[in-house]
Chemist: 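I have a structure here, written as structure tokens, and I will follow up with some questions on it.
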Amino acid sequence: MIPYLSAERIFALLPPADAVTAIEDALRAGLDPAAGVPRSAVPMRHGSLLMMPAESAAHAGVKLVTVAPGNAERGLPTISGVYVVFDAVTLRPVAVLDGTALTTLRTPAVSFAAVRRFLPPAPRTVVFGAGPQGEGHAATLRALDPAASVTVVTRTRPVPVEAVLRDADLVICATTAREPLFDSRLLGDRAVVVAVGSHEPDAREVDSLFCGRATVIVEDRATALRECGDVVRAVADGVLDPERLVGIADAGDGVRVPDGPVLFKSSGMAWQDLVVAEAVLAREVSA
């Protein structure tokens with residue numbers, strides 16, 4: 001029988017800080033994000049099905065994600081998913097993991113692998129969005145730095161946004177917004193912004209002005225120019241030269257801390273799921 005790892009089991013086996021380390025270790029070992037296979041989306045009658053395959057030396061894996069907009073009215077999650085891991089040689093299935101939990105764990109792991117070296121101790125943090133990704137980023141930040149302060153901003157939670165943004169060291173955008181969430185002129189010259197809420201070329205959470213003044217880190221340049229509206233729009237507006245984009249694999253240890261602000265724009269890529277899934281399975285085997 002193929003083992004199934006539930007959300008509870010995944011979170012118990014791999015704490016958030018260890019997921020960050022797994023991503024960092026994979027990049028240090030030479031993983032090339034550009035070598036991955038782009039996600040594909042298949043329209044369904046009541047939504048869409050996304051497929052995200054990846055391969056490593058030991059495993060192949062695929063995340064199957066469904067997006068059902070009508071589920072909100074049913075009291076069900078809009079996004080559901082499973083992750084299937086196969087042996088790389090025999091291509092026989094090894095395990096099935098809760099795909100939603102895996103995404104919740106790996107997305108902030110990638111974010112902090114990209115930017116934590118640029119953060120001061122106890123960063124003053126603003127999180128836009130209180131869904132799984134907003135909560136996941138806040139939990140990962142607290143695991144990395146328990147002294148960090150976090151202010152959460154939502155549509156229904158009144159917060160003096162101007163004041164908190166002026167003081168923010170870190171701003172995390174984890175929403176379904178299609179236009180910028182704030183005026184980036186409010187941010188200081190050392191601010192770090194993480195934007196993970198979209199992977200569509202016509203949706204963005206950060207304005208072009210900030211993209212133009214920031215060091216922009218992406219998972220992969222070609223993917224960002226295809227899928228990341230924050231980047232696509234800034235390039236179209238003439239304020240961001242695509243050659244300035246810094247790949248996450250090139251933004252590791254030893255990179256000089258930029259003189260100005262930093263933006264990490266993530267679209268989510270299949271290699272990230274496999275890296276974290278393998279880390280979870282390694283813990284399961286040794287448990």
Side-chain angles (χ1 to χ4, degrees), residues 4-12 16 19 38-53 61-84 96-111 125-141 150-159 161 171-182 193-207 223 226-230 232-233 265-270 272-273 276-277:
Y4 174 76
L5 278 67
S6 67
E8 293 77 11
R9 186 62 177 162
I10 290 170
F11 293 132
R39 70 165 59 85
S40 58
V42 180
M44 298 286 162
R45 285 182 299 153
H46 300 289
S48 59
L49 171 68
L50 281 69
M51 293 176 285
M52 300 176 65
V62 61
K63 186 165 70 175
L64 303 174
V65 180
T66 57
V67 182
N71 276 3
E73 299 176 359
R74 305 181 183 99
L76 297 171
T78 300
I79 298 175
S80 303
V82 295
Y83 195 82
V84 185
V96 178
L97 288 73
D98 183 297
T100 305
L102 187 63
T103 304
T104 300
L105 184 61
R106 66 80 153 148
T107 304
V110 174
S111 296
T125 303
V126 179
V127 178
F128 284 88
Q133 283 304 328
E135 293 179 353
H137 277 75
T140 301
L141 174 62
V150 177
T151 300
V152 178
V153 180
T154 69
R155 295 189 187 96
T156 60
R157 184 174 301 170
V159 171
V161 175
V171 179
I172 295 167
C173 305
T175 73
T176 58
R178 304 193 69 81
E179 292 298 334
L181 295 166
F182 53 85
V193 176
V194 169
V196 302
S198 69
H199 59 267
E200 300 173 67
D202 58 350
R204 60 176 176 170
E205 297 173 290
V206 179
D207 61 27
T223 301
R226 183 177 64 246
E227 297 183 358
C228 297
D230 312 66
V232 172
R233 295 278 290 274
K265 172 54 196 171
S266 171
S267 66
M269 296 183 71
Q272 302 158 3
D273 296 300
V276 175

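Below, each value reflects all heavy atoms present in this structure, side chains not excepted, and no hydrogens, waters or symmetry copies.
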Chemist: So does Gly197 get a backbone contact from the side chain of Glu205, meaning a donor-acceptor N/O pair under 3.5 Å?
Modeler: yes

Chemist: Can you confirm whether Thr103 sits close enough to Asp273 that some side-chain heavy atom of one is under 4.5 Å from a side-chain heavy atom of the other?
Modeler: yes

Chemist: Measure the shortest side-chain to side-chain distance between Val84 and Lys63 over non-hydrogen atoms and say whether it is less than 4.5 angstrom.
Modeler: no

Chemist: Please check: side-chain N/O of Ser48 versus main-chain N/O of Met44, any donor-acceptor pairing under 3.5 Å?
Modeler: no

Chemist: With a 3.5 Å distance limit and no angle check, can you tell me whether Glu227 reaches the backbone of Ser198 through a side-chain donor-acceptor pair?
Modeler: no

Chemist: Atom CG in Asp207, atom CZ in Phe182: separation rounded to 0.5 Å?
Modeler: 7.0 Å

Chemist: What are the two closest heavy atoms between Gly47 and Pro69, and how far apart are they?
Modeler: CA-CD, 4.0 Å

Chemist: So how far is it from Asp202 CG to Arg233 CZ, rounded to the nearest 0.5 Å?
Modeler: 8.0 Å

Chemist: Taking the side chain as every heavy atom from C-beta outward, state whether Pro132 and Thr100 have any atom pair closer than 4.5 Å.
Modeler: no

Chemist: Taking all non-hydrogen atoms of both residues into account, name the closest pair between Thr104 and Gln133 and its distance.
Modeler: CA-NE2, 3.4 Å

Chemist: When you measure from the side chain of Asp230 to the backbone N and O of Val206, does any donor-acceptor pair fall under 3.5 Å?
Modeler: yes

Chemist: Decide yes or no for Asp98 and Val82: does some side-chain heavy atom of the first lie under 4.5 Å from some side-chain heavy atom of the second?
Modeler: no

Chemist: What is the minimum heavy-atom distance between Thr140 and Pro16, and which atoms define it?
Modeler: OG1-CB, 3.5 Å

Chemist: Is there a side-chain contact between Glu179 and Arg204, using heavy atoms and a 4.5 Å cut-off?
Modeler: yes

Chemist: Determine, stepwise, if the pair Val127 / Val153 fulfils side chain to side chain contact (heavy atoms under 4.5 Å, CB included).
Modeler: CA-CA 6 Å; Val127 178; Val153 180; over 6 Å; no

Chemist: Do Val42 and Met51 make a side-chain contact, defined as non-hydrogen atoms from C-beta onward lying under 4.5 Å apart?
Modeler: yes

Chemist: Taking 4.0 angstrom as the limit, do Glu200 and Arg226 come out as a salt bridge?
Modeler: no

Chemist: List the atom of Ser267, the atom of Thr223, and the distance in Å for their closest heavy-atom pair.
Modeler: OG-CG2, 3.4 Å

Chemist: Show your working on side chain to side chain contact (heavy atoms under 4.5 Å, CB included) between Leu181 and Thr175 and close with a plain yes or no.
Modeler: CA-CA 9 Å; Leu181 295 166; Thr175 73; 3.8 Å; yes

Chemist: Please give me the minimum heavy-atom distance between Gly129 and Thr154, naming the atom from each residue.
Modeler: C-CG2, 4.4 Å

Chemist: Output the distance between atom NZ (Lys265) and atom SG (Cys228), rounded to the nearest 0.5 Å.
Modeler: 5.0 Å

Chemist: Any side-chain heavy atom of Val171 sitting closer than 4.5 Å to one from Val194?
Modeler: no

Chemist: So does Met269 get a backbone contact from the side chain of Gln272, meaning a donor-acceptor N/O pair under 3.5 Å?
Modeler: yes

Chemist: Any side-chain to backbone donor/acceptor pair from Asn71 onto Arg74? Under 3.5 Å, distance only.
Modeler: no

Chemist: Tell me, yes or no, whether the heavy-atom count around Glu73 atom CD, taken from other residues, nucleotides or ligands under 6.0 Å, exceeds 12.
Modeler: no

Chemist: So, taking the atom named CG in Leu97 and the one named OH in Tyr4, what distance separates them when rounded to the nearest 0.5 Å?
Modeler: 8.0 Å

Chemist: To the nearest 0.5 Å, what is the distance between OG on Ser40 and CG on Leu49?
Modeler: 8.0 Å

Chemist: Minimum heavy-atom separation for Ala174 and Gly134, please, with both atom names.
Modeler: CB-N, 3.7 Å

Chemist: Go through the steps for Thr78 and Val67 under the test side chain to side chain contact (heavy atoms under 4.5 Å, CB included), then give the verdict.
Modeler: CA-CA 6 Å; Thr78 300; Val67 182; 4.1 Å; yes

Chemist: Would you say the side chain of Val65 lies within less than 4.5 Å of the side chain of Ile79, judging by non-hydrogen atoms?
Modeler: yes

Chemist: For Thr151 and Val159: C-alpha separation, side-chain torsions, deciding distance, then whether side chain to side chain contact (heavy atoms under 4.5 Å, CB included) applies.
Modeler: CA-CA 8 Å; Thr151 300; Val159 171; 3.8 Å; yes

Chemist: Kindly compute the distance separating OH (Tyr83) from CZ (Arg106), expressed to the nearest 0.5 Å.
Modeler: 9.5 Å

